Amino acid sequence: MIWQLDVIILTLVIISGIAAITIKDLLGAAILFGAYSFLMCLLWAIMGAVDVAFTEASVGAGVSTVLFVAAVFQTTRRSQD
Amino acid sequence: MNQQFPALIIIVPLIVALVITIVGWLNKKWCFPLALIGLGTPLLISVGLLLEVLKKQVITYHLGGWRPPMGIEYRIDHLSGLVLVVIFSVALLNLIASREKVLAEFPEKAGAFYGLSLLFVAGLAGITITGDAFNLYVLLEITALSGYALIGMGDKHAPLAGLHYLIMGTIGASFYLLGVGFLYLMTGTLNMVELSQMLPALYSSRVVIFAFFFCLIGLFIKMAMFPVHGWLPNAYSYMPTAASGLIAALTTKVMIYVMIRISLLVFTPSFVFVNTLLNSALVWLAVIAIVTGSILALAQKSLTRMLTFIIIAEVGYMVGGFWLGNRDGITGSVLHIVNDAAMTLCLFLAVGSIRFRLQSDRLSDLSGIFRTMPFTMIAFVVGGLSIIGVPPTCGFFSKWYLIKGGLAAGSYEFVAALIFSSLINIILFFRVIEIGYFNPQTEGRNDDHTTPANGGINEAPLGMVVTSLISATSLIVLGIYTNVLVGKVIQFVL
Amino acid sequence: MNDLITLIASKYNYWAFIILMMLGLYAMIVKKNLVKKIIGMNIFQTSIILFYISVGAKEQATIPIIEHSHGTEAHPIQAINYINPLPHVLMLTAIVVSVATLGVALALAIRVYRQYGTLEENEIQSQINQL
Amino acid sequence: MKAIAFITVVLCGSLIMFGTFEFPDWGDPQSPASRHLSPYFIEQSLADTAVPNIVTAVLADYRGFDTMFETTVIFAAGLACFFLLRTFTKKTRNERLYRHSSTGIIINIKKGGKRPDDSSKFERIDSLWTPYDLIIKTTCRLIIPSIQLFALYVIAHGHHSPGGGFQGGVILGASIILLAISNDLRSTLRRMSEKASAIMAAAGVLIYVGTGILCLLLGAAFLDYEALAPLLQSSRIMARSHGILIVEMGVGLAVMAVMIWLYYNISSAGKHDEGL
């Protein structure tokens with residue numbers, strides 16, 4: 001594996017994680033969480049955990065995001081923090 | 001068939017839960033009898049297993065036919081055999097008691113309710129007997145998920161309480177998973193017995209100590225030990241009465257059992273009680289839990305909330321008793337797991353009947369309750385006496401062992417806390433008895449439904465009364481046969 | 001200096017897991033919004049998955065799918081050439097558990113919103129206190 | 001509050017970071033985790049189960065019991081969402097909107113008005129969101145079958161490549177969710193009702209548990225697929241491989257159904273009228 005790639009993606013994962021919990025729009029947070037999951041999936045693919053990466057891509061970045069968006073539509077987009 | 005019991009005891013409730021979900025869409029009448037089968041059969045199996053354990057000491061079962069370090073092993077010893085019997089008897093009694101409540105509270109979702117409660121029980125049974133650290137996590141999550149759903153279905157504030165419980169519970173389970181991950185990192189295995197063989201060489205390692213800490217913190221959150229008990233009062237007091245006997249009686253006790261099992265089976269007592277330097281700190285924590293739980297119970301205005309704080313105090317008893325680290329303390333702690341499950345079941349069933357009839361459980365609404373619901377109140381009083389610790393009820397004997405253990409270990413603060421909490425419990429239950437027995441029935445408060453005008457008997461449905469009386473009798477029976485229980489089963493725990 | 005670099009190179013994956021874990025824990029403690037708390041919970045869970053995958057990683061090794069075709073069965077399979085598959089198996093289960101928890105959490109959040117009309121915890125608390 | 005939480009979190013983090021110095025190095029082939037149990041799996045799983053993908057072999061065979069409960073967890077989540085959210089009381093709205101398919105004209109039928117008989121010419125639409133996008137609908141019509149085909153491939157080819165029942169099930173479920181997003185929830189419910197998805201979810205787990213019970217009835221331990229060899233008319237090792245396939249299909253069915261079930265209940269808050 002290439003450690004430069006690893007470091008870049010780790011940084012991106014942390015940035016998107018921080019962004020997902022700080023953004024004030026819940027829909028945006030849901031989408032950023034999807035991005036976080038997808039970057040995480042890339043990280044695991046780099047580490048050789050292909051099955052886990054596959055699952056995370058379909059579950060974390062796919063279905064979880066859809067469920068988040070659905071829940072946000074059923075409740076509210078507003079968030080104070 | 002005999003040697004397949006360890007697998008069947010979990011598979012039967014699981015399979016019945018699945019069948020109930022299917023049947024629930026076709027005909028709701030079949031749900032209850034099926035659930036009865038799904039809990040009655042494992043109860044018989046668990047009794048069979050306990051008898052077998054008494055003869056053979058330890059039963060192991062290799063799932064998938066793989067030897068332990070490769071596959072998953074189930075391991076039943078004296079303690080887990082005993083806890084299994086407790087789990088299934090409590091679940092069966094609560095099921096019978098909850099029939100009318102389910103019809104009243106969520107008639108259209110009866111199938112889902114029974115399915116979830118069977119999954120809950122299957123998860124608990126699995127937690128009790130699994131010999132694999134990661135398998136325990138999966139089963140923990142099954143139990144927790146069905147528990148969140150059952151709690152969240154209660155009346156108005158229940159979803160919020162359920163969500164808080166979910167977040168706390170997930171933190172707890174994740175900490176446990178992290179602890180297991182640390183152990184895996186250092187040893188490369190997940191099997192509890194193999195871990196216990198490989199760990200002593202690593203006891204000086206920081207990582208192993210951290211692993212133990214994380215497992216312990218995770219389990220403390222799950223069992224509502226004092227500083228992290230915040231989720232319990234709301235979750236337990238808002239949950240639907242149909243599930244309250246099941247969840248309140250079993251969740252915390254099984255988690256304490258897991259703590260004991262992890263400490264004694266995965267780690268050695270010498271590491272747990274000496275190396276980690278946790279002993280006295282945790283006993284003090286338990287003392288604080290007992291005292292605050294008792295005092296807060298005194299401040300509550302409703303019966304269920306009062307009981308939830310008593311549970312927090314009782315968790316303090318068991319954790320403190322275990323961390324005394326001597327024979328009497330641990331015996332008392334294990335005995336109290338059994339007794340407290342029975343006592344909590346008895347009290348919650350009685351309170352469930354009261355809530356079912358009065359639609360309220362505020363202390364001020366209970367006037368004259370002894371006249372209208374005499375049998376339920378008999379059960380309630382027996383449960384109360386047992387919590388206080390009056391002989392010949394079982395609560396006395398476990399408290400006796402705990403006090404003996406406390407004196408032997410020289411931790412007088414624990415003994416003082418136990419006596420203090422007993423005194424508070426006397427006040428708590430006699431306050432209820434005073435309101436319910438001596439206060440005249442206030443007219444016009446509850447007469448809009450079902451209360452006959454001249455204070456005649458207005459008992460809960462037969463199933464509820466019978467189950468609460470059975471559980472009350474079991475308290476006395478457990479008390480009388482304490483010697484048998486300790487001599488035949490519990491003394492082999494150590 | 002060289003020691004420090006090797007230390008960093010050999011441990012930074014673990015540190016990233018700790019940062020993410022603390023991020024999730026912080027979000028769960030501090031954030032008042034329930035959906036934010038749920039996002040924090042998920043970040044917390046994925047960080048633990050990252051830890052396990054890091055435990056399983058092995059340098060100079062390939063993914064845990066054995067190269068085989070007819071006639072190659074005779075070649076011995078060397079454990080050193082393949083990444084440790086056990087953490088992957090465990091984490092597949094953990095991912096499933098996390099999505100299941102997410103579903104139940106969102107269902108509860110929707111019910112909370114139905115009850116109080118808001119997802120902010122302080123607003124809910126003030127509503128409860130008014131009653 | 002924020003400051004206290006921040007300090008606790010940082011303290012806790014640095015404590016664990018302090019612990020990491022005793023960790024084996026990242027990627028070290030000599031770490032205990034790589035030396036103890038995993039060599040057995042890597043070297044023996046092909047000989048034991050005839051499955052080249054070690055993860056699949058360990059997941060569905062050596063630790064098959066875990067996976068059974070993993071499927072049960074997912075099933076419990078679907079059941080829990082249904083239990084928490086589903087409301088059966090139908091709120092009849094006073095007005096109903098219908099769109100004429102070929103012209104796109106929308107008619108509003110007041111309460112008591114006669115509804116259009118020929119449902120192929122008129123389609124019922126929702127007041128909040130009216131799906132009328134030719135491009136999206138056609139694209140989805142093209143994509144969905146290929147997604148489903150790929151999902152079936154993922155399930156069936158889990159023995160040889162990354163994938164398996166769980167991933168394939170999620171993708172299958174996602175294809176139906178895509179249908180529900182691109183059209184509307186009501187027409188998706190007509191194709192796959194909630195009852196069907198609930199029963200399929202339970203049936204999927206039942207396939208898994210049933211396989212285990214079958215092994216048990218044939219005299220072996222629970223989930224010991226070798227016992228199936230006489231039934232499948234194959235060698236004992238191939239019986240393990242086939243057993244894994246059966247179980248993966250059960251997982252796929254259950255996961256697909258639960259994903260759809262979850263989406264139905266969460267996207268409509270249990271009312272099953274209007275989706276996203």
Side-chain angles (χ1 to χ4, degrees), chain A residues 1 3 6-7 9-11 13-27 29-30 32-34 36-37 39-41 43-60 62-81, chain C residues 9 12-13 15-16 19-20 23-24 26-27 30-40 42-43 46-47 49-50 52-54 56-59 61-65 82-85 87-89 91-92 94-96 98-99 102-103 105-107 109-110 112-114 117-120 122-123:
Chain A
M1 60 165 265
W3 69 269
D6 200 35
V7 171
I9 292 180
L10 269 179
T11 324
V13 163
I14 293 171
I15 290 172
S16 55
I18 293 173
I21 62 166
T22 43
I23 192 168
K24 295 223 189 291
D25 179 3
L26 287 182
L27 195 61
L32 276 169
F33 180 70
Y36 166 88
S37 298
L39 288 167
M40 206 58 145
C41 143
L43 195 58
W44 293 335
I46 292 174
M47 290 189 187
V50 272
D51 278 86
V52 184
F54 195 169
T55 316
E56 179 69 12
S58 56
V59 174
V63 174
S64 291
T65 313
V66 171
L67 291 184
F68 260 122
V69 171
V72 169
F73 264 92
Q74 283 301 326
T75 54
T76 171
R77 277 177 74 167
R78 188 178 62 92
S79 162
Q80 282 176 351
D81 52 11
Chain C
Y12 69 90
N13 266 290
W15 295 344
I19 293 172
L20 285 175
L23 193 64
Y26 179 76
V30 167
K31 296 289 169 186
K32 293 275 184 290
N33 189 288
L34 293 173
V35 172
K36 281 286 177 66
K37 274 187 191 252
I38 296 171
I39 290 178
N42 259 279
I43 291 178
T46 37
S47 76
I49 299 173
L50 177 62
Y52 269 79
I53 301 295
S54 306
K58 199 187 283 181
E59 270 170 359
T62 184
I63 56 171
I65 296 174
Y82 296 97
I83 293 171
N84 183 357
H88 300 181
V89 174
M91 287 311 106
L92 274 179
I95 290 179
V96 175
S98 77
V99 72
L102 174 71
L106 290 177
I110 291 175
V112 169
Y113 186 77
R114 218 190 264 166
T118 174
L119 286 175
E120 306 291 325
N122 42 1
E123 291 174 16

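In the text below, chain A, chain B and the rest are named by the order of the sequence lines, each starting its count at 1. What you are looking at is a predicted structure, and each value in this text was computed from that prediction instead of being measured.
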Mark yes or no for whether C:Lys36, through its side chain, and A:Leu26, through its backbone, hold a donor-acceptor pair below 3.5 Å. no
Which atoms of C:Ile43 approach chain A - backbone, side chain, both or neither, heavy atom under 4.5 Å: both
Kindly compute the distance separating CZ (A:Phe68) from CG (C:Leu102), expressed to the nearest 0.5 Å. 5.0 Å
Shortest non-hydrogen contact from A:Asp6 toward C:Tyr12: OD2-OH, 2.8 Å
Any side-chain heavy atom of C:Met91 sitting closer than 4.5 Å to one from A:Asp51? no
How close do C:Leu23 and A:Gly17 get, counting heavy atoms only, and between which atoms? CD2-C, 3.7 Å
Closest non-hydrogen contact found for A:Trp44 with C:Ile95 is CZ3-CD1, 4.1 Å
Under 4.5 Å from any heavy atom of chain C, what part of A:Phe54 do you find: side chain, backbone, both or neither? neither
Nearest heavy-atom neighbours spanning C:Ile83 and A:Gly48: CD1-CA, 3.6 Å
Compare all side-chain heavy atoms of A:Tyr36 with those of C:Leu20 and state whether any distance is below 4.5 angstrom. yes
Proximity breakdown for C:Ile19 and chain A, heavy-atom pairs closer than 4.5 Å: side chain
From A:Met40 CE over to C:Thr46 OG1, what is the distance, rounded to the nearest 0.5 angstrom? 4.5 Å
Report the option among A:Leu43, A:Ile14, A:Thr11 that has the most heavy-atom pairs separated by less than 4.5 Å from atoms of chain C. A:Ile14
Top of C:Thr62, C:Ile63, C:Asn33 for chain A proximity - count of heavy-atom pairs under 4.5 angstrom: C:Asn33
Taking only residues two or more places apart in sequence or in another chain, which ones pass salt bridge (Lys or Arg N to Asp or Glu O under 4.0 Å) with C:Lys37? C:Glu121
Ignoring hydrogens and geometry, is there a side-chain-to-backbone donor-acceptor pair from A:Gln80 to C:Glu120 under 3.5 Å? no
Can you name the residues that form a side-chain hydrogen bond (donor to acceptor under 3.5 Å, both in side chains) with C:Arg114, not counting sequence neighbours? none
Answer key: most heavy-atom pairs under 4.5 Å with chain C among A:Val50, A:Val7, A:Leu10 is A:Leu10
Contact part of C:Ile49 toward chain A, heavy-atom cut-off under 4.5 Å: side chain, backbone, both or neither? both
Spacing of OG1 belonging to C:Thr118 relative to CZ belonging to A:Arg78, to within rounding of 0.5 Å: 5.0 Å
Looking at C:Ile110, C:Val35, C:Leu50, C:Val99, which makes the most heavy-atom pairs under 4.5 Å with chain A? C:Leu50
So which heavy atom on A:Thr75 is nearest to which on C:Leu119, and how close? OG1-CD1, 3.6 Å
Relative to chain C, which of A:Val72, A:Ile23, A:Val63 shows the most heavy atom pairs under 4.5 Å? A:Ile23
Between CD1 of A:Ile21 and OH of C:Tyr26, what distance do you get to the nearest 0.5 Å? 7.5 Å
I'd like to check C:Tyr52 versus A:Val52 (side-chain heavy atoms, cut-off strictly below 4.5 Å). Are they in contact? no
Counting only non-hydrogen atoms closer than 4.5 Å, does C:Asn122 touch chain A with its backbone (N, CA, C, O), its side chain (CB onward), both, or neither? side chain
Taking all non-hydrogen atoms of both residues, which atom of A:Met47 and which atom of C:Ile53 are closest, and how far apart? SD-CG2, 3.7 Å
Bottom line for C:Val96: the part with an atom under 4.5 Å from chain A's heavy atoms is neither
